[in-house]
Chemist: 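Please see the structure below; I have some questions.
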Amino acid sequence: MQRVEERLHEKHPALVNRKNVILLHDNVRPHTARVTQEKILELGWSVLPQPLYSPDLAPTDYHLFCSLQNFLNGKTFNSEEQVSQAVENFFQSKPTTLYKDGIDKLPGR
């Protein structure tokens, strides 16, 4: 998290200086551990709460899985290996900004 903080200050200082960072993460053990919570407090970040064991996709996953579903629509596979290769091709074909673009679209949704 310290490296993320440093990169934010370096690459997007306006976002950090505007107020504070709002962290969106799920409730898995590493994210709720005492050490993690202390680090979040130390950095002055806020956590956007998410319900425990939510059956819904995380908002950040929505963009990814919709895109993957569109890519796989209408395709048929004869083996698990073909599925794996198709998914690998999907990720290789996406720009490195895939997640950033999806996260940037969240406020408009």
Side-chain angles (χ1 to χ4, degrees):
M1 284 195 292
Q2 187 65 47
R3 284 182 290 171
V4 170
E5 173 82 1
E6 290 167 3
R7 288 286 173 103
L8 282 171
H9 279 285
E10 177 185 317
K11 295 187 179 222
H12 302 287
L15 291 176
V16 178
N17 295 333
R18 175 176 73 185
K19 198 169 185 184
N20 68 358
V21 174
I22 299 174
L23 180 64
L24 172 65
H25 66 75
D26 54 21
N27 295 309
V28 296
R29 280 184 178 247
H31 297 167
T32 59
R34 182 178 47 83
V35 173
T36 304
Q37 296 302 313
E38 288 173 358
K39 188 63 175 181
I40 290 169
L41 284 172
E42 175 189 322
L43 294 171
W45 293 2
S46 300
V47 175
L48 184 61
Q50 184 173 357
L52 290 173
Y53 307 109
S54 172
D56 299 326
L57 289 174
T60 52
D61 292 340
Y62 180 79
H63 173 72
L64 170 68
F65 289 117
C66 281
S67 184
L68 179 58
Q69 180 180 10
N70 290 336
F71 174 78
L72 294 174
N73 259 354
K75 291 182 171 60
T76 55
F77 303 99
N78 296 320
S79 69
E80 191 175 316
E81 186 176 314
Q82 285 181 341
V83 175
S84 294
Q85 187 61 50
V87 171
E88 188 173 317
N89 291 342
F90 165 79
F91 283 109
Q92 288 178 352
S93 72
K94 293 298 173 186
T96 56
T97 59
L98 176 70
Y99 287 104
K100 180 189 178 312
D101 294 343
I103 291 169
D104 288 346
K105 291 177 183 176
L106 284 174
R109 292 181 177 240

Chemist: How many angstroms lie between atom CG of Asn73 and atom CG of Leu68, to the nearest 0.5 angstrom?
Modeler: 10.0 Å
Chemist: Check Glu42 with Lys39, please: is the shortest side-chain N to carboxylate O separation under 4.0 Å?
Modeler: yes
Chemist: Checking the side chain of Thr97 only, and the main-chain atoms of Lys100 only, is there a donor and an acceptor separated by less than 3.5 Å?
Modeler: no
Chemist: Just wondering, do Leu64 and Phe91 contact through their side chains at under 4.5 Å, heavy atoms?
Modeler: yes
Chemist: For a side chain to side chain contact (heavy atoms under 4.5 Å, CB included) check, start with the C-alpha distance between Gln69 and Phe65, then their side-chain angles and the critical distance, and finish with the verdict.
Modeler: CA-CA 6 Å; Gln69 180 180 10; Phe65 289 117; over 6 Å; no
Chemist: Before giving the answer on side chain to side chain contact (heavy atoms under 4.5 Å, CB included), spell out for Phe90 and Leu72 the whole-Å C-alpha distance, their side-chain angles and the decisive distance to 0.1 Å.
Modeler: CA-CA 9 Å; Phe90 165 79; Leu72 294 174; over 6 Å; no
Chemist: Please report the closest heavy-atom contact between Phe77 and Ala86, naming both atoms and the distance.
Modeler: CE2-CB, 3.5 Å
Chemist: Decide if atom CD of Glu81 counts as having more than 12 heavy atoms of other residues, nucleotides or ligands within a radius under 6.0 Å.
Modeler: no
Chemist: How about Gln85 and Asn89: does a side-chain donor come under 3.5 Å of a side-chain acceptor?
Modeler: yes
Chemist: If you draw a 6.0 Å radius around CD in Glu80, do more than 12 non-hydrogen atoms from other residues or ligands fall strictly inside?
Modeler: no
